Amino acid sequence: MNATATDTHEQHDSHAHGLSDATAIKIALILGTMTALEVSTYFVDFGAFFMPVLMVLMVVKFLTVVSYFMHLKFEHQMFKFLFYTGLGLALFVYFVALATFKFFS
Amino acid sequence: MAMWLFLGSECLLFGGLISTYMLYRGRVTQGPRPSQVFDIPFTSVSSFVLLMSSLTMVLAVTSAQRKDNHRTKLWLMVTASLGATFVGGQVYEFTAFYNEGLGFTTNLFSSSFYTLTGFHGVHVTVGVIMLLSLRGIISKDKDTGDRPEVVELIGLYWHFVDIVWIIIFTLVYLIPA
Amino acid sequence: MAIIERPTPADTISLRMPVTPAQSMGIVRRPVTSTGWKSWVFTVDHKKIGIMYGVFAMFFFIVGGVEALLIRLQLAAPDGKILSADLYNQMFTMHATTMIFLFAMPMAAAFANYFLPLQLGARDVAFPRLNALGLWLLVAGGLILNSSWFLGGAADGGWFMYSPNSGPVFSPSNGVDFWTIGVQIAGFGSLVSSINLIVTILNMRAPGMTLMKMPVFCWMIMVVQFLLVFSLPVITVALVLLTFQRSFGATFFDVAQGADPLLWQHLFWIFGHPEVYVLILPAFGIISEVLPTFSRKPLFGYPFVVFSGASIGLVGFGVWSHHMFATGLGPISVAAFSIATMAIAIPTGVKIFNWTLTMWGGKIWYSTAMKFAIGLIVLFTIGGLSGVTHAVAPSDTQQTDTYYIVAHFHYVLVGGMVFGLFSGFYYWWPKVFGKMLNEKLGGWNFWLMVIGMNMTFGPMHILGLQGQPRRMYVWTEARAGEGFFNFGFWNRVASLGSFILAIGILIFLINVVHTARKGKPAPLDPWDARTLEWITTSPPKEHNFDRIPVVHHLDEFFHRKYQENTTTGEMVQIATGAQLVQAEEDNADAHIHLPSPSYWPIAIAVGVGTLGLGVVYGVPIMIVGVLIILGSAFGFVLEPSVADDIDYDPPMSGGQDTKELAPLG
């Protein structure tokens, strides 16, 4: 990773992640719809699908904002590493900790 | 880069608070339970407000990249006011809960709930302050379009606050204890 | 956003705002003096900050050491009268907290701050003012932590501060409040400095220095900073919960309300176990520099040492529950954590193997630095082996909360970490201060410490297996047992040993004073060293390098001094270190620019400290703290990183000359 290589990479990136306003609005609309769907679970009984639907929507929304609004999808590998390491470690340690409290059973 | 690292670190902070809440939300020996106080329609609206503030933040960032100072300032202001609306909603919500008998010290649910959402609220407030200061600084700039990186960095922070709320909203409000 | 963030950083607003401080905040001129106390307090120079970290850490090493001696005096004889039970609790709590948070971490930070930019071939760290902020936050935390001695008693819950024992019911004095606030603030300081150091390593290496050509010390520091970045937020959560419980009546650890006492333990050890590696890895890094230099051989298996360090860091996040085997986690958890813990012995073993083979066949020069490095290998291995016995859960259940545990972690921390740091003192002293530490006194220093340390902590294995509990404040002759396993005898040996250890450390301090007064000036390359920090003067100039080195090899400095004879394959000296330094000076870069000193880092730290005291003493003080933080944060952000010319006194009135602007290396 010498300086020149990274510089060119960076220029390449800044071209790629130029998220246009129109796309941004579309993504926001999708996010809004998903939120509406989430809220609807409060009023409509989804039965067995309740938990999975909410969980999937939550994860999809999370990743959409991270990937597009925060344009991590188009960023340097190093940034992905930094953020997803933190996220992954958080998920790992807290899942294990909650599991030892028999939270999931 | 420092900002991404900081956000990675923040994941563990909020992870800890959320886990504490998840562990304790059902442990109510006195006072109201979660389902007795939550006002889902109200919180849905404020969640939507925060989500849309992410959109306006993106618009601020793209304007800054186009070196369009005027619109950058406009969108920053819109984002800040949406954020302030969210915080206002949270203050209202806390007051309402408190009047229903859910004090900070009432039970394990209340302590962990107020700590989690309160921490998030403080993050939003700090974000609003940063947005307003940034707007002020841009106004004073001699050259236009001088600092897209700064707008982008504050944008990253702002989106992060939003994604944390995405998780809190689902785990805390929508899934019953 | 670019991956390259130069120290004229894109993400502080400062650079692009050509305002003078007079315009920006209407406050005083930049502190630009280069002598006197102001040049230290407001500095952003990583070398001065490093030295201040070192002085701070050494002070608290002595404080923590005195606390340890009091503990050993209390236990030297049956029915000790020196400390009351309450004071004894405070003493061991503060001994551990001081040694970990106020000695070990700051001392590692001292080395990291001083040598990281030098080894990377950079002129400073990525965010010089954040660097100063990290230091001053740590100082604020340390002062708050220790002020509790004079304000109603120190914390008394052990360094792990288990809840609900640390709650307001069982620990009514303010000691624990000071403890949570102090550790919290010191933790913020570490977080700031670790983000800074990671960015420095990733972005500011000299041209040509790929990650795999980076010195092992830098690698280990990087692993440590990642551990800190990802583990400190967890302790932050735990401390916030405890603070809210104690100061604002929250119920997190109130068992009557249905709280789970294990929550604290999980949060604490998710932080606490990576913290253990935070303490030891810098020492591993130091001796990975010292051993090759004094064996006159390259480090054996560099990639293995690097990756085993990284994997220790990673696996370190998955073993925390081995501190909790005795709490009834359930068989599956215990088995899983037991296996993970044993697995961590593998990369550690790889390192020990590589160090040993580095010395194998080398022309070993038994300098004091080298002696300490070898001491580390031996003593750490002993501590590591007793560590493996803890990984075996049934055996651990027997050992939990006995002196066996105390023996184990003092072998790895004193025998490992402290010896590594002392090795670093002797190795780098000439670099930092331009004078050689006395080798004869160094020998005394080393041998007294080895003897003292083994006499103190060796018997604790026996005491522990005999069942002497940790944190027990007296023992009685009647129940001390007989013969070889007599408690009294081994406790006396341990206490005697602790004083020998203390004398060893005293000799180091004498050595420092002696060197400052009469020490002989150090040659430019006293050890025939291998890495870039030696390619400049000792002590280094403010801008570190006259010319930013271009790196072609691991151990670049060595390869500039020696070249391989193509026929015999031997390394032949082609230049001396002094010649290389001279060559650099002759080809110095013009227009070197450095960031200017700043008031704001220390101002923010004062604000944070005030806010912390406010948590103990009431809301008005908190508000004052928040206002100070806000004000100085604005000052921090709005200030250009380089002082304007008008901030400097003109040279004729005794001030310094202005500095030229040029891009930093």
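Note that the structure is a prediction, hence the values are computed from the model and not measured. Naming convention: chains lettered A, B, ... in sequence-line order (proteins, then strands); numbering from 1 in each chain.
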Fill in the blank from the handout: When every non-hydrogen atom of C:Phe230 is compared with those of B:Gly8, the smallest separation belongs to CE2-C, 3.8 Å
Problem - Over 12 foreign heavy atoms within 6.0 Å of CZ, C:Phe248 - result: yes
Check: residues 42-51 of chain B side-chain donor-acceptor pairs under 3.5 Å, at least two apart:
residue	atom	partner	partner atom	Å
B:Thr43	OG1	B:Asp39	O	3.1
B:Thr43	OG1	B:Glu93	OE2	3.2
B:Ser44	OG	B:Ile40	O	2.7
B:Ser46	OG	B:Thr43	O	3.0
B:Ser47	OG	B:Thr43	O	2.8
B:Ser47	OG	B:Trp165	NE1	2.9

Exercise for the section: Go through the atoms of C:Asp260 and report whether side chain, backbone, both or neither lie under 4.5 Å from a heavy atom of chain B. Expected result: both
Problem - Partner chain C: residue of B:Thr115, B:Leu108, B:Thr106, B:Val28 with the largest heavy-atom pair count (under 4.5 Å) - result: B:Leu108
Practice task
Any chance you could lay out the side chain to side chain contact (heavy atoms under 4.5 Å, CB included) test for B:Leu5 and C:Phe226, step after step, and finish with the verdict?
Solution key: CA-CA 9 Å; B:Leu5 204 52; C:Phe226 270 107; 3.9 Å; yes
Fill in the blank from the handout: When the 4.5 angstrom heavy-atom criterion is applied to B:Phe119 and chain C, the contacting part is side chain
Exercise for the section: Determine whether more than 12 heavy atoms belonging to other residues, nucleotides or ligands lie under 6.0 Å from atom CZ of C:Phe160. Expected result: yes
Handout entry: B:Arg71 atom CZ, over 12 foreign heavy atoms within 6.0 Å
Key = no
Problem - C:Leu241, part contacting chain B, at a heavy-atom distance under 4.5 Å - result: side chain
Practice task
Search all heavy atoms of B:Phe104 against all heavy atoms of C:Ala250 and return the closest pair with its distance.
Solution key: CE2-CB, 3.5 Å
Exercise for the section: Answer whether the closest heavy-atom distance between the side chains of B:Ser112 and C:Phe252 falls below 4.5 Å. Expected result: yes
Problem - C:Leu267 to B:Thr20 - nearest heavy-atom pair and separation - result: CD1-OG1, 4.4 Å
Problem - B:Leu12 side, atom CG; C:Thr236 side, atom OG1 - distance, nearest 0.5 Å - result: 10.0 Å
Fill in the blank from the handout: Minimal heavy-atom distance between C:Gln257 and B:Asn107, with the atoms involved, is OE1-CA, 3.9 Å
Exercise for the section: Check each atom of C:Val240 against the heavy atoms of chain B and say whether the ones under 4.5 Å are side chain, backbone, both or neither. Expected result: side chain
Practice task
Compare every heavy atom of C:Pro233 with every heavy atom of B:Ser9, then report the nearest pair and how far apart it is.
Solution key: O-CG, 3.2 Å
Practice task
Check whether B:Tyr24 gets within reach of chain C through its side chain, its backbone, both or neither, counting any heavy atom under 4.5 Å.
Solution key: side chain
Fill in the blank from the handout: Separation between OG (B:Ser111) and CD (C:Gln245), nearest 0.5 Å, reads 8.0 Å
Practice task
Against chain B, label C:Leu191 side chain, backbone, both or neither, depending on which of its atoms sit under 4.5 Å from a heavy atom there.
Solution key: side chain
Fill in the blank from the handout: Of all heavy-atom pairs linking C:Thr251 and B:Thr105, the shortest is CG2-O, 3.4 Å
